[in-house]
Amino acid sequence: MATHSPLLPCAIVVVLVLLPSASLAGDSDLLQDICVADLTSAVKVNGFACKATVTEDDFYFKGLGAAGNTNNTYGSVVTGANVEKVPGLNTLGVSMSRIDYAPGGLNPPHIHPRATEMIFVLQGTLDVGFITTGNKLVAKTITTGDVFVCPRGLVHFQKNNGNVPAAVISAFNSQLPGTQSLAMTLFAATPEVPNNVLTKAFQVGTKEVEKIKSRLAPKKS
Ligand SMILES: *[C@@H]1O[C@H](CO)[C@@H](O)[C@H](O)[C@H]1NC(C)=O
């Protein structure tokens with residue numbers, strides 16, 4: 001007769017408890033080697049439908065080598081290398097981006113609903129931080145070669161307080177992390193978030209709310 005270790009039931013319980021958390025940690029797990037995104041398909045699935053014909057260029061992107069143009073309101077620019085640029089990332093659960101910062105540049109407070117982010121500093125020095133749901137600011141000054149982590153879904157930012165440009169590479173555990181930039185989300189949505197929601201939320205008057213909305217409105221050229 002087989003003898004069972006008394007620890008076996010415990011081990012089974014531990015495995016059953018850990019299994020769902022492993023599969024919920026990032027994007028859904030893949031069910032085949034590759035599923036290169038057909039970005040033009042009308043078929044809606046969780047992610048993108050798979051293309052029939054695949055080439056090496058579906059797994060290739062050249063765009064992160066050079067600094068992006070930071071001549072804008074915030075003095076920073078994000079260049080994504082996600083599934084929209086690299087269709088081969090579809091179902092693989094990872095992506096990257098490069099962020100460039102002019103002196104004084106800010107990547108304003110934002111969240112990624114689908115990914116944790118790891119920042120690796122290519123050059124310069126940045127003041128970075130995230131805020132927990134308990135409203136604690138976790139902040140640090142980081143410099144060339146340093147890594148900083150922003151947990152999934154938490155508000156975070158990076159500011160270049162130096163007088164030379166800065167740049168980072170960001171890694172994400174999602175093929176398309178998504179970004180909600182708080183100021184733009186609240187003050188530049190279409191249709192507009194009602195003024196009486198924002199005046200009460202921020203405890204200011206309609207004039208102040210309208211001033212922010214006009215500053216953040218997409219520039220008409
Ligand atoms: C930055 O952008 C502004 C407005 O688009 C433009 O007038 C200015 O010449 C630009 N500066 C540089 C250095 O490109």
Side-chain angles (χ1 to χ4, degrees), residues 39-40 57 60-87 95-115 117-131 137 139-148 150 155-172 176-195 197-199 201-202 204-221:
L39 298 172
T40 61
D57 282 343
Y60 175 78
F61 181 63
K62 208 178 164 54
L64 298 192
N69 179 4
T70 56
N71 184 15
N72 56 47
T73 309
Y74 290 123
S76 78
V77 66
V78 178
T79 309
N82 55 44
V83 68
E84 291 172 338
K85 305 270 186 65
V86 190
S95 62
M96 297 171 91
S97 55
R98 174 188 175 122
I99 313 169
D100 289 281
Y101 312 81
L106 171 71
N107 187 9
H110 62 279
I111 66 162
H112 303 295
R114 294 182 288 277
E117 175 174 7
M118 284 182 80
I119 288 173
F120 172 76
V121 184
L122 292 174
Q123 63 177 71
T125 299
L126 292 163
D127 294 325
V128 302
F130 66 84
I131 299 133
L137 172 66
K140 197 164 170 66
T141 301
I142 59 173
T143 192
T144 309
D146 291 352
V147 164
F148 192 76
C150 298
V155 174
H156 61 282
F157 58 86
Q158 303 101 35
K159 174 83 163 67
N160 180 6
N161 285 320
N163 47 22
V164 294
V168 305
I169 292 289
S170 287
F172 301 95
L176 194 60
T179 299
Q180 278 192 308
S181 200
L182 300 192
M184 295 302 287
T185 297
L186 291 173
F187 292 92
T190 308
E192 289 181 29
V193 176
N195 282 353
V197 170
L198 297 171
T199 54
F202 287 89
V204 294
T206 305
K207 252 191 197 145
E208 285 89 343
V209 164
E210 284 181 341
K211 185 172 178 181
I212 299 173
K213 281 187 174 179
S214 71
R215 293 271 170 89
L216 295 181
K219 300 271 183 296
K220 294 184 182 77
S221 50

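Whatever order the structure lists them in is the order used to number ligands and atoms, beginning at 1.
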Taking Asp127 for the side chain and Lys159 for the main chain, is one N or O donor matched with an acceptor at less than 3.5 Å?
no
Main-chain N/O of Leu176 paired with Arg114 side-chain donor or acceptor, under 3.5 Å:
yes
Considering Thr73, Asn71, Asn72, which one's heavy-atom position lies nearest to atom 13 (C) of ligand 1?
Asn71
Less than 4.0 Å from atom 5 (O) of ligand 1, is there any heavy atom belonging to the protein?
no
Where does the angle between the aromatic ring planes of Phe172 and His112 fall among parallel (under 30°), tilted (30 to 60°) and perpendicular (over 60°)?
perpendicular
Atom 9 (O) of ligand 1 protein-contacted, heavy-atom criterion under 4.0 angstrom
no
Among Lys213, Glu210, Glu192, Arg215, exactly one meets side-chain contact (heavy atoms from CB on, under 4.5 Å) together with Phe187. Which residue is that?
Lys213
